[in-house]
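Computed from a prediction, not measured in an experiment: that's the story for all the values here.
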Amino acid sequence: AFSVVSQLLSQCKLDLLDGLVSAEVLQMLKEKISSLSDNHRDALAADLDAIMYTTEGDIRIYYDDDGRKFVSILMRFWYLNGANLPDEVPGETKVFQIVFGDESTKEKRHLLTANYEFQREFTEGAKPDWTITRIEHPRLLE
């Protein structure tokens, strides 16, 4: 899901995120994506084979005021991306760079992070669909 959604974000295909992403997050994305440079937009895309590491950040089970049961899982992703980003991105955060190949054919990649929160209702009779309720690409999508 992370790879698919990040690539759709990169391609500005926000209409295809309807149903995958909460309405609040989709509205925020519409506002922020349009102001990104092409290079920053390219850096949002995480190919499936470029995901280097994933870990869960937070898992919560909670009930709303109507007694409906929800599970929320925050996932953290580290991925390689070849977008043309400056060595230092705004906010003075260092972007790690990895160089592949020898001097004549070297290819520079950035190791980037993203946080996506997935939520699902577990109340009896609820649809078994997960929805993304938070999308963060630090220093890219702020």
Side-chain angles (χ1 to χ4, degrees), residues 1-102 105-142:
F2 164 62
S3 179
V4 169
V5 169
S6 70
Q7 290 180 38
L8 291 172
L9 285 175
S10 176
Q11 298 165 7
C12 294
K13 295 182 177 177
L14 301 181
D15 54 323
L16 298 177
L17 295 176
D18 193 30
L20 298 174
V21 175
S22 71
E24 297 82 14
V25 171
L26 194 54
Q27 183 59 40
M28 177 272 301
L29 292 171
K30 287 178 181 177
E31 294 169 7
K32 292 185 177 185
I33 291 288
S34 62
S35 65
L36 290 180
S37 70
D38 289 343
N39 292 338
H40 279 82
R41 212 172 10 251
D42 290 345
L44 296 173
D47 291 329
L48 193 56
D49 59 351
I51 299 171
M52 304 309 295
Y53 184 73
T54 64
T55 186
E56 67 279 351
D58 187 25
I59 299 173
R60 296 182 300 138
I61 299 172
Y62 60 96
Y63 295 85
D64 70 4
D65 293 338
D66 297 326
R68 297 183 308 167
K69 183 178 181 179
F70 293 87
V71 173
S72 176
I73 302 172
L74 177 64
M75 293 296 300
R76 295 193 172 121
F77 302 92
W78 284 262
Y79 64 101
L80 291 175
N81 184 287
N84 186 19
L85 294 174
D87 292 348
E88 299 275 339
V89 292
E92 299 181 18
T93 297
K94 186 74 174 165
V95 174
F96 294 97
Q97 297 179 30
I98 300 168
V99 177
F100 295 97
D102 60 26
T105 61
K106 68 181 179 182
E107 178 183 355
K108 186 166 73 170
R109 300 273 180 136
H110 297 276
L111 181 61
L112 302 171
T113 63
N115 302 312
Y116 280 48
E117 184 176 59
F118 299 86
Q119 182 186 77
R120 179 180 165 201
E121 183 176 353
F122 275 87
T123 308
E124 188 174 328
K127 294 168 68 174
D129 297 335
W130 288 92
T131 303
I132 298 172
T133 55
R134 181 175 13 163
I135 293 178
E136 298 172 342
H137 285 261
R139 303 294 177 224
L140 293 175
L141 192 61
E142 293 186 337

Item to check | Crowding at OH, Y63 (>12 non-hydrogen neighbours, <6.0 Å) | outcome: no
Checklist entry - I61 and F70: side-chain contact (heavy atoms from CB on, under 4.5 Å), yes or no, with the steps? => result CA-CA 6 Å; I61 299 172; F70 293 87; over 6 Å; no
Next on the checklist: Counting neighbours of CG on D129 that are heavy atoms of other residues, nucleotides or ligands and sit closer than 6.0 Å, is the number greater than 12?
Outcome noted: yes
Item to check | Spacing of CD1 belonging to I132 relative to CD1 belonging to I73, to within rounding of 0.5 Å | outcome: 12.0 Å
Checklist entry - Under 3.5 Å, side chain of T123 to main-chain N/O of A126, donor-acceptor pair present? => result no
Next on the checklist: Please determine whether side-chain contact (heavy atoms from CB on, under 4.5 Å) holds for the pair L74 and R76, giving the CA-CA distance in whole Å, both sets of side-chain angles, and the decisive distance to 0.1 Å.
Outcome noted: CA-CA 7 Å; L74 177 64; R76 295 193 172 121; 3.9 Å; yes
Next on the checklist: With side chain to side chain contact (heavy atoms under 4.5 Å, CB included) as the test, pick out the partner of R41 among C12, S34, S35.
Outcome noted: C12
Next on the checklist: Tell me whether the rings of Y116 and H137 are parallel (<30°), tilted (30 to 60°) or perpendicular (>60°).
Outcome noted: perpendicular
Checklist entry - So Y62 and Q119, side-chain contact (heavy atoms from CB on, under 4.5 Å) or not? Walk me through it. => result CA-CA 11 Å; Y62 60 96; Q119 182 186 77; 2.2 Å; yes
Next on the checklist: Hydrogens and angles aside, do Q11 and Q7 bring a side-chain donor and acceptor to less than 3.5 Å of each other?
Outcome noted: no
Next on the checklist: Can you tell me how far apart CD (E121) and NZ (K127) are? Round to the nearest 0.5 Å.
Outcome noted: 11.0 Å
Checklist outcome for this item: Of all heavy-atom pairs linking A83 and N39, the shortest is CB-O, 3.6 Å
Next on the checklist: Please give me the minimum heavy-atom distance between S10 and D42, naming the atom from each residue.
Outcome noted: OG-CA, 3.6 Å
Item to check | Candidate pair I135 and V5, rule side-chain contact (heavy atoms from CB on, under 4.5 Å), full reasoning | outcome: CA-CA 10 Å; I135 293 178; V5 169; 4.0 Å; yes
Next on the checklist: A cation-pi test, strictly: NZ or CZ of R120 under 6.0 Å from the centre of the six-membered ring of F122 and no more than 45 degrees from its axis. Yes or no?
Outcome noted: yes
Checklist entry - Does A45 offer a backbone N or O that forms a donor-acceptor pair with the side chain of N81 under 3.5 Å? => result yes
Item to check | Spatial distance of atom CD (E136) from atom CG (N115) [nearest 0.5 Å] | outcome: 5.0 Å
Checklist entry - Nearest 0.5 Å, what's the CD1-CE distance between I59 and M75? => result 8.5 Å
Checklist outcome for this item: On a heavy-atom basis, the closest approach of A46 and S3 is O-OG, 2.7 Å
Checklist entry - With a 4.5 Å heavy-atom cut-off, do V4 and L48 have their side chains touching? => result no
Checklist entry - Using 30° and 60° as the class limits, which term best fits the ring planes of F2 and F77: parallel, tilted or perpendicular? => result parallel
Checklist outcome for this item: Between the NZ atom in K30 and the CD atom in Q27, the distance rounded to the nearest 0.5 Å is 6.0 Å
Checklist entry - Taking all non-hydrogen atoms of both residues, which atom of F118 and which atom of A1 are closest, and how far apart? => result CE2-CB, 3.9 Å
Checklist entry - Donor-acceptor pair, D64 side chain versus D66 backbone, under 3.5 Å? => result yes
Item to check | Residue pair I33 / L44: nearest heavy atoms and the distance that separates them | outcome: CD1-CD1, 3.7 Å
Checklist entry - So how far is it from W78 CH2 to T113 OG1, rounded to the nearest 0.5 Å? => result 7.0 Å
Checklist outcome for this item: Residues T133 and S22: closest non-hydrogen pair is CA-OG, 4.0 Å
Next on the checklist: Taking V21's backbone N and O only, do any of them form a donor-acceptor pair with T131's side chain (distance below 3.5 Å, no angle check)?
Outcome noted: no
Next on the checklist: Which residues pass the salt bridge (charged side-chain N to carboxylate O under 4.0 Å, His left out) test with E117, not counting sequence neighbours?
Outcome noted: R60, R134
